[in-house]
Amino acid sequence: MPTTPANTSSDGANADSQLDSLISRIQSLTGGGDQPAKQQPRRAPSAPGATPPADPAAEVGSVDESAAVPASGGPQPALQAPVPQRPPQPPPKPTPSGIAEYTFRNSSPQGPVGQAQSAPPPPTLPPSPHQGSQTTSHRSKLPAHLRSAPASSTATPGPKAALGYDGRDIPAGPLGFKPSRDEVWRPVEPESMEQAGINESILEAIIYRYLLTAGEAEGRKISDQVKVPFRLIEPILIRLKMEQHVGYRSATATNDYVYVLTESGRQIARNHSADCTYFGACPVRLDDYVKSVRYQTIEGQYPKKADLIQAFSDLLINPKMLNRLGPAVASGRGMFLFGFPGNGKTSIAERVTGAFGKYIWIPRCVDVDGDVLRVFDPMNHELAPPEEASGLLDDGGIDKRWVRIKRPTIIAGGELTMEMLEVLNNPDTNISESPLQLKSNCGTLVIDDFGRQKMRVDELLNRWIVPLEKRYDFMNMASGKKIQVPFDQLVIFSTNLEPKDLVDDAFLRRIPYKIEVENPPEQDFRKLFEIMCRVTKMPYNADAIDYLIQTHYIPVNRPYRNCQPRDLLLQVKNYCMYNDLEVELKNEYFDFACDNYFSVM
């Protein structure tokens with residue numbers, strides 16, 4: 001049926017009204033309902049299969065409005081009047097972070113009434129599953145001063161170091177530990193391999209060697225052997241089981257297993273044992289040991305006069321001598337003790353350490369790039385384990401790779417050689433032993449009878465002339481690696497010889513204190529007899545002491561020595577016991593003792 005002009009104009013009006021309705025709906029969906037309408041002229045329909053023209057607005061979430069025009073069966077008639085145009089919209093306002101507002105419109109939740117509401121994605125575009133990455137890409141295009149750091153980049157600050165009792169920066173100890181002068185620091189049990197600084201390859205080799213030697217062991221017994229928490233070594237044991245290098249011998253009542261090596265595991269263990277036979281506590285990093293020496297250094301102790309009096313409480317020290325010793329001990333540097341033999345130079349040197357704190361923590365051994373260096377020596381170190389936790393479980397929170405010892409005092413006499421001052425490596429076990437100066441760190445090293453060693457004096461001086469001044473030493477490992485270690489101890493040279501006859505001025509300059517241990521006066525000499533009578537459990541007789549001094553000392557101008565009261569009383573006691581006599585002090589007994597004691601003196 002032919003179309004009349006009236007019908008044609010009616011159809012055009014209907015199409016215009018539908019188009020206006022569609023534009024209003026799009027405006028309400030995109031949040032532009034409160035803005036003046038802006039209409040684009042309708043495009044003529046494209047031929048089937050033709051590519052629509054590019055629309056820049058489509059890149060920011062707009063739609064091609066021509067695609068929403070309903071198509072009729074025939075060609076559309078030409079428009080008789082232009083459609084009203086919408087005024088241009090202002091550009092989107094930037095947010096405080098500098099990102100255009102429209103980039104967040106699709107991802108933000110719908111706000112309350114009266115605020116700009118979020119619109120869902122346009123009907124022709126699917127919602128993007130990577131909205132966060134789109135935001136990040138916009139952020140990366142902004143200038144550096146407008147970019148905001150992502151939330152994941154905020155680093156959580158680690159635990160701060162606590163202040164020790166003397167105000168030094170010292171890491172906080174285990175829960176409940178209170179630092180004091182006697183114990184300034186305790187190692188904390190590690191929470192992870194990274195925190196402990198454990199080389200997992202070395203730990204695995206130690207486990208292999210231990211199982212090869214022991215044959216079989218429970219998981220917690222292996223943990224106790226290597227001194228590492230079980231929760232840290234359990235993943236290693238599980239991995240070795242999955243690799244079929246270890247197997248389960250049986251299960252235990254504590255939800256554990258008894259581990260044994262398989263044939264392939266035994267072969268690996270033999271290879272590890274050929275390199276080194278060590279299967280003790282897991283070594284501590286060298287850096288951690290150096291830090292521990294700094295925490296527990298004697299230079300930060302500064303003992304007072306009361307501390308020295310307490311340290312020398314079992315000795316009779318002249319007040320003049322105590323005033324000279326005090327500043328030397330408080331300095332933590334080296335000193336020379338010289339004087340006649342028998343006046344107590346060694347006894348004084350042995351008790352100097354008591355003026356400092358009581359305990360320090362040292363590692364059982366140190367890892368030096370794969371080499372095992374022993375530090376704890378039962379021959380020179382005295383164990384002083386801390387109080388144990390009550391109950392079945394150990395909740396002390398202490399790193400078991402460290403041991404608490406009494407602040408060391410190591411004495412080397414005439415047996416001292418140059419080899420004892422260097423790292424000693426056993427070629428059969430490939431385990432290195434630390435030298436004396438390393439074992440005496442944070443304590444006292446006494447070189448007794450200085451000048452009478454097997455080594456020449458100038459060799460010892462040349463070896464220590466730099467460490468005494470710089471407070472660090474260099475050591476050569478068996479692998480050829482040279483390491484720097486602390487030289488942090490009070491070095492005391494005790495000698496009966498004149499110091500200027502032994503060493504030159506360059507070495508004496510590095511020993512700031514030279515103290516002469518003089519002969520005791522007569523009053524102190526008599527007091528020593530009273531003290532030693534109580535020690536030897538002999539009755540004190542003042543008349544016998546007067547006879548001894550008036551007969552065997554003053555007439556021959558014999559000097560008094562601090563060791564003589566003890567030696568003479570022991571002579572009298574042995575004489576009485578041999579002759580089945582009552583142990584007492586008599587004149588004739590002292591005559592016999594002096595004839596023996598001073599026969600060649």
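These values consider heavy atoms only, across backbone and side chains, with no hydrogens, waters or symmetry-generated copies.
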Side-chain contact, heavy-atom cut-off 4.5 Å: [X] with [Y]?
X	Y	answer
Met455	Arg463	no
Phe356	Val329	yes
Arg471	Thr297	no
Trp464	Leu461	no
Arg351	Asp314	yes
Gln437	Val485	no
Lys221	Tyr210	yes
Glu382	Ile405	no

(message) Aromatic contact between Trp361 and Tyr295, with the criterion being ring centroids under 6.0 Å apart: yes or no?
(response) no

(request) Indicate, with yes or no, if the rings of Tyr248 and Tyr259 have centres closer together than 6.0 Å. (result) yes

(request) Measure the acute angle between the ring planes of Phe493 and Phe336, then classify it against the limits of 30° and 60° as parallel, tilted or perpendicular. (result) tilted

(message) Check Arg407 with Asp182, please: is the shortest side-chain N to carboxylate O separation under 4.0 Å?
(response) no

(message) Between Glu243 and Arg239, does any NZ, NE, NH1 or NH2 come within less than 4.0 Å of an OD or OE carboxylate oxygen?
(response) yes

(request) Determine the minimum heavy-atom distance between Asp256 and Gly219, stating which atoms define it. (result) OD2-N, 3.1 Å

(message) Using every non-hydrogen atom in the two residues, find where Arg333 and Pro512 come nearest and quote the distance to one decimal.
(response) CB-CG, 3.9 Å

(message) For Asp288, give me all partners under side chain to side chain contact (heavy atoms under 4.5 Å, CB included), at least two apart in sequence or on another chain.
(response) Val284, Arg285, Trp402

(request) List the steps and the verdict of side chain to side chain donor-acceptor pair (under 3.5 Å) for Glu218 and Thr252. (result) CA-CA 8 Å; Glu218 299 178 8; Thr252 65; 5.0 Å; no

(request) Taking atom CZ of Arg249 as the centre, report whether more than 12 heavy atoms of other residues, nucleotides or ligands fall under 6.0 Å from it. (result) no

(request) Decide if atom CD of Glu469 counts as having more than 12 heavy atoms of other residues, nucleotides or ligands within a radius under 6.0 Å. (result) yes

(request) Would you please say whether a donor-acceptor pair under 3.5 Å links the side chains of Ser432 and Asp371? (result) no

